[in-house]
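Proteins get letters first, then strands, A, B, ... in listed order; numbering begins at 1 in each.
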Number of protein chains: 2
Amino acid sequence: MENIPVNSSEYIYRCLKEEILHLKLKPGQSISENELCKRFSVSRTPIRSVMQRLSGEGLMNIVPYKGSFVALLNFNDIEQIIYMRIAVESAVLRDFIPLCTPLLEEKLRYIIRKQMVLMEEKDLDMSRFYELDSQFHEVWFKTAGHNMLWELIQKSEVDYTRFRMLDIVAVQNLPAIIEEHKELFQLIHERRPEGVQPLIEKHLNGGIHRLQTRIHTELRDYFQPESGTDE
Amino acid sequence: MENIPVNSSEYIYRCLKEEILHLKLKPGQSISENELCKRFSVSRTPIRSVMQRLSGEGLMNIVPYKGSFVALLNFNDIEQIIYMRIAVESAVLRDFIPLCTPLLEEKLRYIIRKQMVLMEEKDLDMSRFYELDSQFHEVWFKTAGHNMLWELIQKSEVDYTRFRMLDIVAVQNLPAIIEEHKELFQLIHERRPEGVQPLIEKHLNGGIHRLQTRIHTELRDYFQPESGTDE
DNA sequence: CAGTGGTCTAGACCACCGA
DNA sequence: CGGTGGTCTAGACCACTGG
């Protein structure tokens with residue numbers, strides 16, 4: 001049981017979405033509608049509306065007559081999202097370089113510094129770090145007039161968001177991420193669009209490299225089984 | 001009033017979606033929930049579920065306390081989708097070229113020929129032409145293992161789908177589209193990945209060039225007013 | 001069989017809009 | 001004021017699952 005603010009649906013939606021994206025609800029975990037009805041003290045209608053929404057976004061799998069489950073991560077999907085991001089973001093960053101003003105450079109520098117400060121803290125808030133990481137990338141999308149693309153990519157990235165979260169909380173290799181951001185910054189600072197593609201590629205593929213071995217061991221329960229391996 | 005098959009929701013959803021995408025329901029047109037209740041003889045619950053779904057996909061705008069409307073097209077969004085597609089599809093097509101077998105070449109040739117045949121028909125079915133156009137592009141996505149990306153792009157393309165439909169039904173410049181497909185085919189056939197980028201760019205921007213002038217005249221009611229023009 | 005989700009009805013109350 | 005959507009309850013019946 002929890003307290004029930006007005007507009008239950010919206011609250012419940014945010015609540016569950018946050019728990020899923022921050023991996024508080026584990027991929028694969030089962031969640032029953034009736035349980036949720038009790039937990040939030042509401043009837044099935046708002047719960048179902050939330051579940052439909054989450055399942056529409058790919059965060060939840062509703063299996064008829066069996067149950068509802070937090071969606072597993074699909075490694076292939078994640079690879080493809082990264083492929084797409086590399087293509088799009090390289091183009092955007094190349095567009096951004098000639099548009100980058102000293103003020104924007106300072107903004108980027110500022111984000112990097114905040115991440116460095118955050119990293120030093122004990123009881124480090126990983127969500128906050130993730131947030132800053134997003135902000136960094138957001139700068140060039142918005143500056144180059146691709147605001148809508150950034151939002152679209154964010155929405156399509158549901159799996160990838162949890163993957164990045166996993167990268168951050170499980171690997172905790174924050175210095176590597178910051179280092180890559182610095183390299184990107186250097187490129188922008190020196191106005192060298194030719195160097196964009198390989199660096200973006202390296203940066204966006206970073207999570208895969210860092211997590212690769214563990215996906216098949218400790219973290220395997222979070223991922224969809226590869227089709228045709230065993231059985 | 002219409003006949004009411006089982007599983008009203010799904011039927012109603014398909015029905016409305018088709019009518020919107022094929023421009024039978026005009027962008028901007030108002031649609032009331034209660035009207036739909038009568039038309040399909042169901043209560044508000046299934047209607048609302050359908051409306052939510054459509055609005056979630058960006059096909060519908062639900063304006064609280066005023067009404068529901070078929071979403072207007074947003075020219076800027078369409079440009080950005082095209083920008084993204086150019087980046088992604090160029091990469092995919094470059095990957096595809098070395099993977100293209102003679103069998104696949106025949107498949108592409110076959111699609112082009114079908115389009116040419118279709119074009120000669122009187123009472124030409126534009127939806128069918130659109131369908132073939134999609135199939136052509138789909139080939140390289142699927143072959144290069146980017147099946148999921150293709151579906152993702154299709155889903156993100158709701159506005160763009162109607163834009164392409166507009167291009168096909170309003171401009172009817174089918175020879176231009178076919179000609180571009182032939183050029184792309186030639187590139188593939190000769191295994192010339194360097195030529196991909198500009199050609200993809202030309203092809204995907206084609207619709208904009210063809211429609212450009214009319215967007216501000218006959219078709220202006222279908223588009224969101226540019227912010228800050230008049231008023 | 002009990003439990004799950006799938007679907008729907010009927011009806012309620014609210015907030016806001018425009019005439 | 002009547003019409004619109006926003007939200008929710010309560011409860012019904014169904015189809016399928018799994019012990």
Can you tell me how far [atom2] of [N] sits from [atom1] of [X], to the nearest Å?
X: A:Ile62; N: C:dG6; atom1: CD1; atom2: C1'; answer: 10 Å
X: B:Arg44; N: C:dC13; atom1: CZ; atom2: P; answer: 14 Å
X: B:Met51; N: D:dT4; atom1: CE; atom2: C1'; answer: 11 Å
X: A:Ile47; N: D:dT9; atom1: CD1; atom2: C1'; answer: 13 Å
X: B:Ile12; N: C:dT9; atom1: CD1; atom2: C1'; answer: 14 Å
X: B:Leu36; N: D:dG3; atom1: CG; atom2: P; answer: 17 Å
X: B:Glu35; N: D:dG2; atom1: CD; atom2: P; answer: 20 Å
X: A:Phe69; N: C:dT4; atom1: CZ; atom2: P; answer: 11 Å

Is there a side-chain contact between [X] and the phosphate of [N], meaning an N or O under 4.0 Å from OP1 or OP2?
X: A:Asn34; N: C:dT4; value: yes
X: B:Thr45; N: C:dT7; value: no
X: A:Arg48; N: C:dG6; value: yes
X: B:Ser9; N: C:dC8; value: yes

Check ion pair A:Glu10-A:Arg53 (N to O, under 4.0 angstrom) |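 A salt bridge is present here (some side-chain N lies under 4.0 Å from a carboxylate O).
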
Residues two or more places apart in sequence or in another chain: which of them pass ring-ring contact (aromatic ring centres under 6.0 Å, His included) with B:Phe75?
->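 In terms of ring-ring contact (aromatic ring centres under 6.0 Å, His included), with neighbours along the sequence ignored, B:Phe75 is linked to no residue.
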
Looking for any heavy atom pair under 4.0 Å, which part of the strands does A:Ser49 touch: base, sugar-phosphate only, or nothing?
->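 A:Ser49: no heavy atom of the nucleic acid under 4.0 Å.
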
With nearest nucleotides of DNA chain D determined for A:Pro46 and B:Ile31 from heavy-atom distances, which residue corresponds to the more 5′ nucleotide?
->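 By nearest-heavy-atom nucleotide position, the 5'-most residue is B:Ile31.
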
Give me, pair by pair, the N or O atoms of the protein and of nucleotides 17-19 of chain D that are less than 3.5 Å apart, along with how far apart they are.
| unit_1 | atom_1 | unit_2 | atom_2 | d |
| --- | --- | --- | --- | --- |
| D:dG18 | OP1 | A:Lys66 | NZ | 2.7 |

Within 6.0 angstrom of B:Lys107 NZ, more than 12 heavy atoms from elsewhere =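 Counting neighbours around NZ of B:Lys107, 12 or fewer heavy atoms of other residues, nucleotides or ligands fall under 6.0 Å, so no.
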
Answer yes or no: does atom CZ of A:Arg113 have more than 12 heavy-atom neighbours from other residues, nucleotides or ligands under 6.0 Å?
->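 Check fails, neighbour count at 12 or below.
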
Would you call the rings of B:His137 and B:Trp140 parallel, tilted or perpendicular, where under 30° means parallel and over 60° means perpendicular?
->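 Geometry flag for B:Trp140 against B:His137: perpendicular rings.
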
